[in-house]
Every structure is written in structure tokens, then in C-alpha cells.
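The structure under discussion appears below in the form of C-alpha cells.
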Number of protein chains: 2
Amino acid sequence: MTAESVQEPHAAAQCAAVPGAVLDGPVSHAISRVARLHRIAAGRVLRDLGLHPGQEFLMMHLWDSGAVRQSELIKAVGLDPSTVTKMLQRLEQSGHVRRRPDPADRRASLVEATDASCGLLVEVRRAWGELERQTLDGLDAAERAELTRLLGKVESALCTEVIRGGAAECDAAGTAE
Amino acid sequence: MTAESVQEPHAAAQCAAVPGAVLDGPVSHAISRVARLHRIAAGRVLRDLGLHPGQEFLMMHLWDSGAVRQSELIKAVGLDPSTVTKMLQRLEQSGHVRRRPDPADRRASLVEATDASCGLLVEVRRAWGELERQTLDGLDAAERAELTRLLGKVESALCTEVIRGGAAECDAAGTAE
DNA sequence: CATTTTACTTTGGTCGGCCAAGTAATGAGG
DNA sequence: CCTCATTACTTGGCCGACCAAAGTAAAATG
């Protein structure tokens with residue numbers, strides 16, 4: 001008895017008679033997997049700082065650009081407006097960000113990093129460096145440059161497709177080494 | 001381009017006297033951006049099929065492997081168990097998946113794709129091909145191979161770091177060709 | 001045989017992220 | 001001056017994804 005292993009496909013299992021390995025072909029999955037691992041690593045590095053993954057990205061923009069109109073920030077990070085709104089609400093509640101209405105345009109609001117948040121800057125920088133180190137560990141300079149170049153091409157290709165579908169514009173980012 | 005400065009930093013803006021471009025250096029962000037765009041493109045391609053991005057991945061595994069123990073599925077996709085549980089609940093409610101308790105192990109459950117879902121297989125395959133085409137548009141064969149290789153290295157590097165941090169095991173998917 | 005440890009899954013909570021609608025203020029025409 | 005489209009942001013809903021903790025059943029150990 002011992003009902004070993006699973007039962008064989010009983011109901012409707014084998015729709016396709018494809019043996020296996022339908023999954024490892026596309027580069028798409030490699031991207032997804034890498035992104036997921038990268039996010040986990042980022043979360044681990046940022047946890048001690050009290051930031052959730054994604055927030056550092058926003059904060060970096062704010063630290064970098066000073067007080068900005070929220071719409072500018074949204075365009076800069078390329079995320080959905082509603083996403084940025086919610087993230088800012090949480091960051092404001094955490095005391096990392098302050099928002100005030102724009103005197104020049106009452107429907108807009110200006111966003112800026114608080115003084116208290118500035119202490120995080122160096123730590124976030126360090127965390128990012130650490131993350132970058134973890135990510136690119138095992139790649140030499142040439143490989144890193146090539147990876148950057150290829151990702152840039154993929155990004156612009158996807159961007160073209162995405163805007164064709166009706167979304168907003170993408171920032172064709174950069175080149176550079 | 002992209003708009004020049006709005007107002008100058010007024011209150012507490014310049015924590016760091018760093019002029020700009022703190023953001024385009026790391027490859028990390030390229031990965032995040034590409035992954036995000038890729039996800040959006042996937043969502044667009046899958047919407048007509050009634051699937052949300054991520055579900056196809058699970059379904060592909062199920063179509064490929066027949067009835068499997070849920071734990072096996074979890075290990076295969078490498079996601080968090082709770083994530084898989086919730087996704088399966090939704091897929092079950094959508095009629096794409098069926099779950100039954102494993103007779104051999106009463107705490108486990110067997111998962112399989114339903115008959116109805118099989119009609120989606122070919123469409124998902126087509127959608128994936130389309131997505132792959134969109135993603136790699138503009139890269140020649142050598143570049144694609146190189147990108148795959150580099151992503152593989154990054155994945156294994158990140159994997160090592162992640163497991164070091166205490167998480168589960170990663171599938172070092174090293175499918176070279 | 002009782003107890004502890006391990007494995008399989010689920011629940012609850014929180015966040016990032018998208019879309020689709022909705023609100024409020026600005027600006028262009030009639 | 002009043003209407004209408006546009007811009008700027010918010011709300012609600014939903015899903016993917018994580019973590020942490022719980023619950024249950026099997027296995028290992030005494």
C-alpha cells in the first residue's frame with residue numbers, strides 16, 4: 001500500500017504533452033527572479049533603517065532634488081501617481097517627508113525631505129552600495145558594463161511597448177558607464 | 001530636459017551637497033525598472049486571458065507537471081508559501097485550479113490544473129512569446145545569450161546572499177545551452 | 001507509548017503596485 | 001461670466017509579495 005507518490009494525472013492534468021522545461025527558456029523569468037531576489041536583498045539591507053523597499057528610491061529623489069512638486073516627483077520616478085501618493089502618506093507619517101500646498105497652484109503640493117530624514121542619507125547610500133556589491137558580486141567590470149548596457153536596451157524596448165499601450169512616458173535613462 | 005528645478009531648496013532640502021545623479025549609477029535600479037516595465041507589459045498581454053501577472057507562471061508549472069503536492073510547487077516557483085496559498089485560492093475560485101487533500105499525507109494537498117484551464121495553455125504560450133519578443137526587441141542573438149548569462153550570474157550571487165540571510169533555498173537554475 | 005521536533009499549509013498584517021473613478025483647482029473658449 | 005477640457009492629486013479596490021505566527025499532522029526521539 002503505502003500509496004506512494006502522487007496519483008497519476010487523474011482528471012485533467014496533461015493538457016499538453018510537453019515533457020518539461022517550458023519555464024527556463026525565456027529571459028523574462030530570469031528578470032522576474034532576479035528582481036524578486038534583489039527586492040528581498042534590498043529589504044534585508046534596509047530593514048535596520050526602518051525603510052521598506054521602494055521608499056529609499058523616493059527618498060533619494062527627494063534628498064537629491066530638494067522641495068519638488070509632487071507631479072515632478074511622479075514623473076521622475078516613473079511610478080503610478082496613486083502609488084506615490086500612498087508611499088508619501090506613509091513616509092509623512094513616519095516623519096521622513098513633509099508636504100505643504102503649493103502657493104502658486106492650490107491643487108499641487110510640494111514635497112520635501114525632513115531634517116530628521118537627512119540622517120538616513122548616508123546610511124541609505126551605504127546600504128545601496130552594499131546591495132550593489134551583493135548584486136554584482138562575481139561580475140568583472142566589463143560584465144557589469146555590458147549588463148548595464150543590455151538592461152538599458154531592454155528598458156527602452158519595453159518602454160516603447162508600454163507607451164504604445166497607452167501609459168505615460170518613460171524616461172529613457174541613461175547611458176553612461 | 002525634464003524640467004529644470006522648480007523652486008530652490010527652501011527648508012531642509014540639501015542634507016547632502018550632492019548635485020545630482022545619485023540615481024542612475026547602480027545597476028540595481030535598472031533591474032527594478034526593467035522588472036516593473038516587464039510586469040506592466042505582462043499584465044497587458046495577459047489581461048485578455050483573464051489572468052493577472054504572476055498567475056501564468058503558476059499555471060505553467062501546473063500544466064507542465066500535472067498534479068503536484070503544493071509544497072513541491074512552492075519549491076519549484078521559489079515564492080513565499082503564503083503567496084502561493086493565496087494565489088491558489090484565487091485561481092481555484094476562478095476555476096483554473098483544483099485542490100484536493102493528499103491521501104498519503106493528510107496535511108498536504110495536491111494541486112492540479114482544471115480542464116477548463118487547458119484552453120488557456122496555448123494562449124499563455126503565445127502571450128509569453130509576445131512578451132519575450134517585446135522584451136528582447138532590439139537585441140541580437142549574441143546579446144540575448146549574454147544577457148541570459150549575466151542574469152544567471154546575478155541571480156546566483158543574490159541567491160547566495162539571500163540564503164545567507166536566513167531564507168529558504170534558491171534553485172540555482174543554471175540552464176545553459 | 002508520550003513527547004518533542006519537524007514538515008505543510010493557512011491566516012493576519014503590511015507594503016508596493018496597478019487600474020479606474022472621483023474631486024478640486026487651473027486655464028482656454030464662447 | 002460661464003462652460004469645458006486639462007491638470008494634480010486622492011480614494012477604493014484588487015493582486016502580488018513579504019514576514020510572522022498559528023494550527024495541524026506526520027515523523028523522530030525518549
Side-chain angles (χ1 to χ4, degrees), chain A residues 2-3 6 32-33 35-44 46-47 50-59 68-75 77-94 99-111 162 165-168, chain B residues 6 32-33 35-44 46-47 50-58 68-75 77-94 99-111 162 165-169:
Chain A
T2 58
V6 254
S32 303
R33 283 197 303 262
R36 198 180 60 83
L37 289 172
H38 180 80
R39 195 175 191 77
I40 295 178
R44 231 180 273 283
L46 288 170
R47 178 170 306 169
L51 285 177
H52 297 97
Q55 297 185 329
E56 13 80 50
F57 193 70
L58 226 56
M59 291 308 296
V68 275
R69 214 181 234 92
Q70 187 167 323
S71 57
E72 293 293 327
L73 181 63
I74 290 171
K75 271 203 308 185
V77 298
L79 294 174
D80 192 89
S82 62
T83 299
V84 176
T85 295
K86 292 178 187 172
M87 286 176 75
L88 285 178
Q89 290 172 345
R90 280 157 188 155
L91 285 171
E92 191 174 24
Q93 192 174 358
S94 309
R99 285 191 304 176
R100 61 173 63 195
D102 187 339
D105 191 337
R106 272 199 316 221
R107 68 200 150 152
S109 56
L110 293 176
V111 191
V162 165
Chain B
V6 201
S32 303
R33 282 196 303 262
R36 199 179 57 84
L37 289 172
H38 180 80
R39 194 173 193 80
I40 295 178
R44 230 181 274 284
L46 288 171
R47 179 169 305 169
L51 286 177
H52 297 97
Q55 296 186 328
E56 13 79 55
F57 193 69
L58 226 57
V68 277
R69 214 182 235 88
Q70 187 168 322
S71 56
E72 293 294 326
L73 181 63
I74 289 172
K75 272 202 307 184
V77 297
L79 294 174
D80 191 272
S82 62
T83 300
V84 176
T85 296
K86 292 178 186 173
M87 285 176 74
L88 285 177
Q89 289 173 345
R90 281 158 188 155
L91 284 171
E92 190 173 26
Q93 191 174 358
S94 308
R99 286 190 303 175
R100 62 173 67 192
D102 187 341
D105 190 339
R106 271 199 317 223
R107 67 198 152 155
S109 58
L110 292 175
V111 191
V162 166
E169 81 303 328

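Every chain is numbered from 1, with letters handed out A, B, ... down the list of sequences. Side-chain atoms are counted along with the backbone in the values below, which use heavy atoms only and exclude waters and symmetry mates.
In this model, the phosphate group of C:dC18 is approached by a side-chain N or O of B:Arg36 to a distance below 4.0 Å at OP1 or OP2. Taking 4.0 angstrom as the limit, A:Gln89 places none of its side-chain polar atoms (N or O) nearer than this to OP1 or OP2 of C:dC15. For C:dC15, neither phosphate oxygen OP1 nor OP2 lies less than 4.0 angstrom from any side-chain nitrogen or oxygen of A:Gln55.
Between B:Leu110 and B:Pro103 the shortest heavy-atom distance is CD1-CD, 4.4 Å.
Nearest-nucleotide assignment on DNA chain C puts the 5′-proximal partner with A:Arg90, out of A:Ala104 and A:Arg90. Residue whose closest nucleotide on DNA chain C sits further toward the 5' end, between A:Arg106 and A:Lys86: A:Lys86.
We find that CD1 of B:Ile40 is positioned 21 Å from P of D:dC14, with the value rounded to whole Å. Put simply, CD on A:Gln93 is 13 Å from C1' on C:dC15, counting in whole angstrom units. Put simply, CG on A:Leu37 is 19 Å from P on D:dG16, counting in whole angstrom units. When the P atom of C:dC18 is taken as reference, atom CZ of B:Arg47 falls 12 Å away, rounded to whole Å. Atom NE2 of B:His52 is separated from atom P of D:dC14 by 10 Å (rounded to the nearest Å). Atom P of nucleotide D:dC18 and atom CG of A:Leu46 are separated by 16 Å, given to the nearest angstrom. Atoms CD (B:Glu92) and C1' (C:dT10) sit 13 Å apart, rounded to a whole Å. Following rounding to the nearest Å, B:Asp80 (CG) and C:dC15 (C1') show an atom-to-atom distance of 14 Å.
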Sequence-aligned protein contact record of nucleotides 4-9 of chain C, with B where the base is within under 4.0 Å of a protein heavy atom and S where only the sugar-phosphate is
---BSS
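Residues satisfying the salt bridge (charged side-chain N to carboxylate O under 4.0 Å, His left out) test with A:Glu92, not counting sequence neighbours, are A:Arg99. Taking A:Thr85 as the reference, A:Gln70, A:Gln89 meet the side chain to side chain contact (heavy atoms under 4.5 Å, CB included) condition, with sequence neighbours excluded.
Between A:Arg69 atom CZ and A:Ser109 atom OG the span is 9.5 Å, to the nearest 0.5 Å. A distance of 11.0 Å separates CZ in A:Arg39 from NE2 in A:His52, rounded to the nearest 0.5 Å.
With contacts defined as side-chain heavy-atom distances shorter than 4.5 Å, the pair A:Leu91/A:Leu51 qualifies. A 4.5 Å side-chain heavy-atom check between B:Leu46 and B:Gln55 finds every atom pair outside the cut-off.
Residue-to-nucleotide contacts include a donor-acceptor pair under 3.5 Å from the side chain of A:Ser82 to the base of C:dC19.
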